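In what follows, a structure is listed as structure tokens, so that the remarks can point back to it.
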Amino acid sequence: MRPSPNILTVDVECWEAIFHRRLTGQSFGECPGCVQSVERLLKIMYAKGVKATFFVVGEFAERHPDLIRAIDAAGHEIAGHGYVHTPMSTLTDAEFEVDTAKCVAVLSSIIGKSIRGYRAPVFSLSLDRVQTLAKLGFRYDSSFFPFRSNDPGAAAFPRGPVKMSWNEESIFEVPVSTLELGPYSAPVAGGGYMRLLPAPALFKAVALVNKRGDPFVTYCHPYEFSKTDMDFRPFTPWLGKVRTALTSVRFNLFREGMRSKLEALLDRFVFTSMREALTHEHSRD
């Protein structure tokens, strides 16, 4: 793929619901805090005139269909993120197909459009399942982080977007951006990595990725824009006090600066959705 605008993505998942399910095996119910955080993100993007791809968990979409319609109505792209945010590495091939198809069915029924993009929860897709996504009709996947992965082969995956083809089937694989540090890959985009990097270092990383001819692909989560800290104390009996404290640090560290950092990033560089970036690529052929 040739250079295209940088790509902004949001993984729409309710971490309270995820931990509740891990603890009890049951659904959590509605997630008003996550809804409010998504609405804050929508306001930021509206103010900056930016479109993004929202990778949405199917179960969350079922409980908050009006929010999903609002995201779509604002011109953003809705894509799949699994039905219950289960790591795909824990599922059989058949279970993976069922989970993916269920997520797509939920999202497409809400917005009345085809779902063409996918990102596995916690970047847990293996390389051998990318072809399955192509068979299911996806146009692109963004499940690889060439830094950490459940599939050792993905750690050596190209750092920029590539088109993968098998006979009559093809799909774009669009990994999250990393930088080369000798023989190693350094995470510079998204989530905790974006929160940890000082703004000047983040801007330099975008420039370096663009210099090598690739779009900078980044992601964020709704909880990173919440007005209150993530509280994991209700999960203490399961996690243990030490693990609860470490989990709280992981999710809350530097979270208060995420909004200003994202706004500054959108002011300095051109960002768009996966859908629009791929359209841009085809227009250059």
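These figures come from a predicted structure and were not determined experimentally.
- Pairing each heavy atom of L91 with each of T86, the nearest pair is CD2-CG2, 3.9 Å.
- When each of T9, V50, I7 is checked for a side chain to side chain contact (heavy atoms under 4.5 Å, CB included) with F271, only V50 meets the rule.
- Judged by distance alone, the side chain of R212 and the main-chain N or O of R159 form a donor-acceptor pair under 3.5 Å.
- Checked by atom type and distance alone, the side chain of T218 pairs as donor or acceptor with a backbone atom of G190 at under 3.5 Å.
- With hydrogens and angles ignored, the 3.5 Å screen pairs no side-chain donor or acceptor of H81 with any backbone N or O of D11.
- Donor-acceptor pairing under 3.5 Å is lacking for the side chains of Y223 and E13.
- Taking the ring centroids of Y193 and F145, they lie under the 6.0 Å cut-off.
- To the nearest 0.5 Å, atoms CZ (R69) and CG (L67) are separated by 10.5 Å.
- Distance alone, capped at 3.5 Å, is enough to place a donor-acceptor pair between the S124 side chain and the M88 backbone.
- Looking at every heavy atom in both residues, G117 comes nearest to Y140 through CA-CZ, 3.3 Å.
- Side-chain atoms of N210 come within 3.5 Å of backbone atoms of D214 as a donor-acceptor pair (strictly under, hydrogens ignored).
- A side-chain donor-acceptor contact under 3.5 Å links S142 to the backbone of V174.
- Between T53 and the options R119, E77, R275, E276, a side-chain hydrogen bond (donor to acceptor under 3.5 Å, both in side chains) holds for only E77.
- Between S37 and S226, the shortest heavy-atom contact is OG-CA, 3.5 Å.
- The minimum heavy-atom distance between S170 and A134, with the atom names listed, is O-CB, 4.0 Å.
- Atoms SG and CG, from C220 and L265 in turn, are 10.0 Å apart once rounded to the nearest 0.5 Å.
- Partners of F138 according to the ring pair (Phe, Tyr, Trp, His ring centres under 6.0 Å) rule, which considers only residues two or more places apart in sequence or in another chain, are Y118.
- At least one donor-acceptor pair closer than 3.5 Å links the side chain of K261 to the backbone N or O of L197.
- Shortest non-hydrogen contact noted between P5 and A277 is O-CB, 4.3 Å.
- By the rule that hydrophobic residues join a cluster once side-chain heavy atoms approach within less than 4.5 Å of another member, L127 and V162 end up as members of one cluster.
- A salt bridge links K113 and D72; the closest N-O separation between the charged side-chain nitrogens and carboxylate oxygens is under 4.0 Å.
- Under the 4.5 Å side-chain criterion, counting only non-hydrogen atoms from C-beta, V57 is not in contact with V12.
- The two atoms that bring I115 and I78 nearest to each other are CD1-O, 3.7 Å, heavy atoms only.
- One finds no salt bridge joining K43 and E39 here, because no Lys/Arg side-chain nitrogen approaches an Asp/Glu carboxylate oxygen to under 4.0 Å.
- Note on ring orientation: taking the six-membered ring where Trp is involved, the planes of F123 and Y219 are perpendicular (angle over 60°, cut-offs 30° and 60°).
- Contact annotation: the side chain of E62 approaches that of Y83 to within less than 4.5 Å [non-hydrogen atoms, C-beta and beyond].
- Side chain of E97 to backbone of A94: no donor-acceptor contact under 3.5 angstrom is found.
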